[in-house]
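Below is one structure, written out as structure tokens; comments come after it.
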Amino acid sequence: MRYSLLSLSVLSVFACNAMAANVTIYGLVDYGFSLSRASGNGEGAADGSMEFQMKSGMRNGSRVGLKGVEDLGNGYSVSFILENQFLADSGELQTSTTFWERESTVSLGTPFGKFTLGRTGQLKSPVGSTALAGTIVNPFGTMMSNFIGGHKFVTTGNYLTVNNSITYASPIFSGWQGFAQYSLANTDEGDYVDADDRYMALAARYRDEALLFTAIIDTINEKGDHSTGDQPVTVNIAVNYDFGFIKPYLYAQWFKNNTINRAGGYMAGTGKYDGAGGVIALQWPAFDGKAKVSVGYMNAVSVNDDVSDLERYSVNIGWDRAITKKTHVYTNLGYAQQDTDEAQLRGTEAVAGLVHYFL
């Protein structure tokens, strides 16, 4: 109740002052249906029963945000973004303890680049204004619902937001732009993350009318008791080219001493791994919308002697259509598989949904 009252109060205040100040209220609601089946054999395999769900945020996380900017003149400006994420099926916040879960930042724009301070997405994240790795690098995004892979399924964990971060984006020179990020405290504490850890990342991006190339390297300076002495590192490469009639995408990641993302609450890794993974995808115009297909693979070698290595595979097909500028429909099919010495875990899923944007 206190979060509902707080959100109502905050939005009411900004709505009343939106005309006086340069403030925009924006967001979207994503709602749809999922039919999935988890199966397999060996340790931890599910019984293969079907699960039908009404779900929020399968293609885009449902959210409400506030943003504003003030022009200071001479190429300088100050702006802010406050953005939460909620579950449309229940109305609850995505994470009950964090109101502005997706972003809470203030930025200083200068002729020498943009500086963003606060809670925001990592450079390799799909979340937040500083993120470089959403649907722009893969038409399936990171992961839709349970088993529609995107690139999250075949890449590492620790990829969403960082607290107390400083992000720099350079001016664009001949299509090239540089980025740097550092957090004074890492993401919320968990099994492999400590509040004293420090996240660091560098990135470069080239963009013209048809080509997008992105390279990101990041690491976490681990200081907590969970540290093994070897710091986690990832190197990420994304490239796509729009030929008009078809658009191919490639996203690849090499990683060392990293945790593995979960899939559908069913497929997971234990401890930390070295390895590589990636996705190849195609998108093309079809039936007044966009059709897409992707295949993904990851090979992860455990750094723990008592934990098995694992391999993952994913295949996805989908179709999106913008009915209007603010309303989109989507449907997707996916298959995911994880192999270890102990088990082969499989998941299949079909989803269909509607996204409505509001400004």
Side-chain angles (χ1 to χ4, degrees), residues 30 34 36 38 55-63 85 94-95 101-102 121-128 130-162 187 190-193 199 201 214 216 218 220 232 234-238 240 249-255 258-270 272-273 275-281 283 292-300 310-318 330 332-338 345-349 351 353:
D30 180 328
S34 164
S36 63
K55 298 190 70 175
S56 169
M58 291 188 292
R59 196 192 80 167
N60 303 94
S62 298
R63 70 198 72 160
Q85 186 159 309
Q94 183 85 31
T95 303
E101 179 179 7
R102 294 179 65 91
Q122 296 182 13
L123 295 183
K124 67 179 179 182
S125 167
V127 173
T130 61
L132 303 178
T135 53
I136 194 171
V137 300
N138 184 336
F140 288 91
T142 50
M143 172 167 277
M144 298 180 63
S145 194
N146 296 324
F147 301 117
I148 298 173
H151 59 266
K152 175 183 175 183
F153 182 65
V154 292
T155 55
T156 58
N158 299 324
Y159 78 106
L160 287 175
T161 54
V162 283
T187 52
D191 293 339
Y192 302 102
V193 179
Y199 174 80
T214 307
I216 307 167
D218 71 352
I220 300 175
T234 74
V235 178
N236 308 265
I237 300 293
N240 57 66
Y249 295 77
L250 169 67
Y251 190 100
Q253 182 187 85
W254 173 87
F255 54 88
N258 258 271
T259 59
I260 300 299
N261 285 312
R262 298 180 65 87
Y266 177 53
M267 301 178 188
T270 302
K272 296 188 177 183
Y273 298 82
V279 175
I280 297 174
Q283 181 173 271
K292 52 190 177 181
V293 63
S294 75
V295 293
Y297 173 76
M298 178 176 69
N299 182 279
L310 65 82
E311 290 183 294
R312 283 183 173 177
Y313 309 85
S314 69
V315 180
N316 308 284
I317 186 170
Y330 61 88
N332 295 273
L333 299 171
Y335 172 81
Q337 179 177 312
Q338 175 176 294
L345 307 181
R346 298 185 294 271
T348 55
E349 185 173 26
V351 303

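Computed over heavy atoms, backbone and side chain alike; hydrogens, waters and symmetry mates excluded.
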[X] and [Y]: which non-hydrogen atoms are nearest, and at how many Å?
X    : Y    : result
F153 : Y313 : CE2-O, 3.2 Å
P139 : Q283 : CB-OE1, 3.2 Å
A281 : N138 : CB-OD1, 4.3 Å
P126 : A131 : C-CB, 3.8 Å
G347 : M267 : N-CE, 3.5 Å
G269 : L310 : CA-CD2, 4.0 Å

Quick one, [X] and [Y] - any side-chain contact, counting heavy atoms below 4.5 Å?
X    : Y    : result
R346 : F147 : no
Q122 : L160 : no
K272 : N258 : no
Y266 : N146 : no
M298 : I260 : yes
K292 : N332 : yes

Could you tell me whether the side chain of [X] and the main chain of [Y] form a donor-acceptor pair under 3.5 Å?
X    : Y    : result
N60  : D30  : no
Q253 : T234 : no
D218 : Y199 : no
T130 : G121 : yes

Could you walk me through whether V351 and K55 pass side-chain contact (heavy atoms from CB on, under 4.5 Å), step by step?
-> CA-CA 9 Å; V351 303; K55 298 190 70 175; over 6 Å; no
Distance in Å, [X] [atom1] paired with [Y] [atom2], rounded so as to fall on 0.5 Å steps:
X    : Y    : atom1 : atom2 : answer
T156 : N261 : OG1   : CG    : 6.5 Å
S314 : K152 : OG    : NZ    : 13.5 Å
I148 : T142 : CD1   : OG1   : 12.0 Å
M143 : R262 : CE    : CZ    : 11.5 Å
Y330 : M58  : OH    : CE    : 3.5 Å
T259 : Y273 : OG1   : OH    : 10.0 Å

Checking [Y] against [X]: is there a side-chain donor and acceptor pair closer than 3.5 Å?
X    : Y    : answer
Q338 : R312 : yes
E101 : T161 : no
S62  : S56  : yes

Take Y251 and T155 through the test side-chain contact (heavy atoms from CB on, under 4.5 Å) and record every step on the way to the result.
-> CA-CA 10 Å; Y251 190 100; T155 55; 4.0 Å; yes
Could you tell me whether I237 atom CD1 has more than 12 heavy atoms of other residues or ligands within 6.0 Å of it?
->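 Atom CD1 in I237 is crowded, with more than 12 foreign heavy atoms closer than 6.0 Å.
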